Amino acid sequence: TYERVKNFNVQVKEINNKVVFLRKLTPGGSEHSFGIHVAKMAGMPRSIIDRATKILKQLEKEHSGSDKDNLKNIDSVNNANGYQLSIFQLDDPVLKSVRDEIANTDIDNLTPIEALNKLYEIKKIVTGKENN
């Protein structure tokens, strides 16, 4: 549509289900998305990577069939909020405790030592352990 806008992609090499970005731009689009690989490289939790891989395989299986509208019928991709999956378990009681602890903290009036102690308290909530 725009004469000066061009589509490029970063060349990649896949080795044993791992991606190496070659830092070389080439004209045109990519053959497929590397979002799951990038998420793994960014340190996303293994459970999320596994779930995304499972959904991708299911989507690819459905997409390769003759009826591409079947993508709308994949219940495992959908959740109560629509198509977007959360990376956080929002009803997690530990997350709620941490959120409440932060919300109830007057950070504008904490001394540095009080801030450090607050972090230790939050760490105890998350790990369930006492600090050394």
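In this text the structure is predicted, and so the values were computed from the model without any measurement.
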- Kindly compute the distance separating OG (Ser97) from CD1 (Ile122), expressed to the nearest 0.5 Å. 10.5 Å
- Task: Would you give the length of the straight line joining atom NZ of Lys96 to atom CZ of Arg99, rounded to the nearest 0.5 angstrom?
- Result: 7.0 Å
Side-chain donor-acceptor pairs under 3.5 Å in residues 42-49, sequence neighbours left out?
from  : atom 1 : to    : atom 2 : distance (Å)
Arg46 : NE     : Asp50 : OD1    : 3.2
Arg46 : NH2    : Asp50 : OD1    : 3.1

- Message: Measuring from atom CG of Leu110 to atom OG1 of Thr105, what distance do you get when rounded to the nearest 0.5 angstrom?
- Response: 6.5 Å
- Task: Any chance you could measure Gln58, atom CD, to Leu56, atom CG, to the nearest 0.5 Å?
- Result: 10.5 Å
- Considering only Ile, Leu, Val, Met, Phe, Trp and Tyr, and joining two whenever side-chain heavy atoms are under 4.5 Å apart, list the other residues clustered with Val20. Leu22
- Qualifying salt bridge (charged side-chain N to carboxylate O under 4.0 Å, His left out) pairs, either residue in residues 102-120, two or more places apart: Glu101-Lys118, Lys118-Glu121
- How far does CG of Asn117 sit from OG1 of Thr111, to the nearest 0.5 angstrom? 8.0 Å
- Which residues, ordered by chain and number, are linked to Leu25 in its hydrophobic cluster, where ILVMFWY side chains connect at heavy-atom gaps below 4.5 Å, directly or through other members? Phe8, Val10, Val12, Val19, Phe21, Phe34, Val38, Met41
- Task: Only pairs at least two apart or in different chains count here, so list each salt bridge (charged side-chain N to carboxylate O under 4.0 Å, His left out) that has a residue in residues 2-15.
- Result: none
- Item | Distance-minimising heavy-atom pair for Val94 and Val126 | CG1-CA, 3.9 Å
